[in-house]
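Owing to the predicted nature of the structure, the values given are computational and were not obtained by experimental measurement. Numbers restart at 1 for each chain; the letters A, B, ... are given by sequence-line order, proteins then strands.
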There are 2 protein chains.
Amino acid sequence: MDKPSFRERVLVAREQAIVEAANRLLAEKGFDLMTVDEVAAQVGIAKASLYKHFSSKESLAAAAMVRLMDRALAFVAEREALDPAPAPLDQLKAVARWSMEVQMAGEMPSLPAQNSSLRAELTGRADYLDRLFELSDRIGAWVEAAQAAGALNPQLPPEVVLYTVYARACDPVLAVLRQAGSASSEQIIDWVLASCFDGLAAR
Amino acid sequence: MDKPSFRERVLVAREQAIVEAANRLLAEKGFDLMTVDEVAAQVGIAKASLYKHFSSKESLAAAAMVRLMDRALAFVAEREALDPAPAPLDQLKAVARWSMEVQMAGEMPSLPAQNSSLRAELTGRADYLDRLFELSDRIGAWVEAAQAAGALNPQLPPEVVLYTVYARACDPVLAVLRQAGSASSEQIIDWVLASCFDGLAAR
DNA sequence: GTCTATAGAAAGATAGAC
DNA sequence: GTCTATCTTTCTATAGAC
């Protein structure tokens, strides 16, 4: 590992700025409505310069997803390092809460599941898939542990629990409640978290 | 009310065919990726002819939403007419199940919440808003009744319950589980319904 | 690598004949 | 009202100078 030169560090910093701008715009407008012009404008460079760093709009979105996975993996690692270790069910609640906080902060990129060119890019990128699989492994371990401890609804298979936790990241209820305007972001997240883990029905 | 002429009935039937095609394509690809050309092609008419019926892509999507609201109101009316009347909580479960069935059947139009021209069209159309408010009133009445009966999680305000039920219509967990391929649509819906009302945590 | 300028393609919307 | 043909705009992507 050579020490990176000044030039290289500037380059990396610029790429980070591009990805962060893309991430914000993906959260705000979604993939289809985000334009590469806007991203370049936010970074303060020309569109042609952006295309020297990322070969397509899809690869730019994929880079934003890789960054999101890295943030998620870092959060999970933090939680795994806690001593004493929290109960697995609490770990699941924590990661669900974290993803909702990211969404509420306007930092959760929203990609249409239907867009095939985007799907092709994501499923063809090992850096993204590796992170996604590792994240699923780690959260999946919490699911199994919680199930073994009898803390999870025994009706539900592990994948259902995993995907339901993932889905909090794009839960539209957050935005609707915020637009209604009668509660704080924290209160809204508490409500959605309670409905997710405790259910709508009385206990 | 004059009896509609043959010509008029043909016209109405054609508009229905257009809206149904748009509805399917909205479900399949979403608003941004659906093209007016495709809709026209599916109906078997020229794009210019479609624009004689609907003044814009947005108004076409709005017509699909009005149709969806009518279907939902019809379902709710059916459930209200049952004798003996089901428990309010079961009514809520029934409408959540219905909306998931519509999604699984590929008939749930998916509109991006972020698109402002589309939002402007929807919030400017009394025919859509009237139906949405009426639907919310009726389902809201079930929520209140269920709450009064002590059947709902007392932590949650009524709007949270209402929006959480609505959100099942676009729950991405359904599509992910179906793509995983290991369960029937009916089984998947049962799981998601259980996680929604009973929660992920054990009782 | 960054810029300006532009090519190329897609899609919403319309003109005008019938 | 329906068609073919076209306009217009928007956006992705690239060419070519520096």
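Mapping A/D37 and A/K52 onto DNA chain D via the closest heavy atom, the residue that lands nearer the 5' end is A/D37.
Residues from residues 25-36 of chain A lying near DNA chain D, meaning a heavy-atom separation below 4.0 Å, are A/M34, A/T35, A/V36 in numerical order. Contacts with DNA chain D (heavy atom under 4.0 Å) in residues 40-51 of chain B: B/G44, B/I45, B/A46, B/A48, B/S49, listed by number.
Listed by first then second residue, pairs satisfying ring pair (Phe, Tyr, Trp, His ring centres under 6.0 Å) with a partner in residues 106-136 of chain B number zero, not counting sequence neighbours.
Ion pair B/D171/B/R168 flagged as a salt bridge, since at least one NZ, NE, NH1 or NH2 atom sits closer than 4.0 Å to an Asp/Glu carboxylate oxygen. The pair B/R97-B/D190 meets the salt-bridge criterion, since a charged nitrogen lies less than 4.0 angstrom from a carboxylate oxygen. For the pair A/R24 and A/E20, the salt-bridge criterion is not met [side-chain N within less than 4.0 Å of a carboxylate O].
The two atoms that bring A/L92 and A/A146 nearest to each other are CD1-CB, 4.4 Å, heavy atoms only. Nearest heavy-atom pair across A/A194 and B/L156 is CB-CD2, 4.2 Å.
Residues satisfying the ring-ring contact (aromatic ring centres under 6.0 Å, His included) criterion with B/Y163, sequence neighbours excluded, are absent altogether. For B/D130, the salt bridge (charged side-chain N to carboxylate O under 4.0 Å, His left out) test picks out no residue, with sequence neighbours left out.
When DNA chain C is scanned 5' to 3' for any atom under 4.0 Å from a heavy atom of chain B, the first and last hits are C/dA11 to C/dA15.
A donor-acceptor pair under 3.5 Å links the side-chain atoms of B/K57 to the main chain of B/F31, judged by distance alone.
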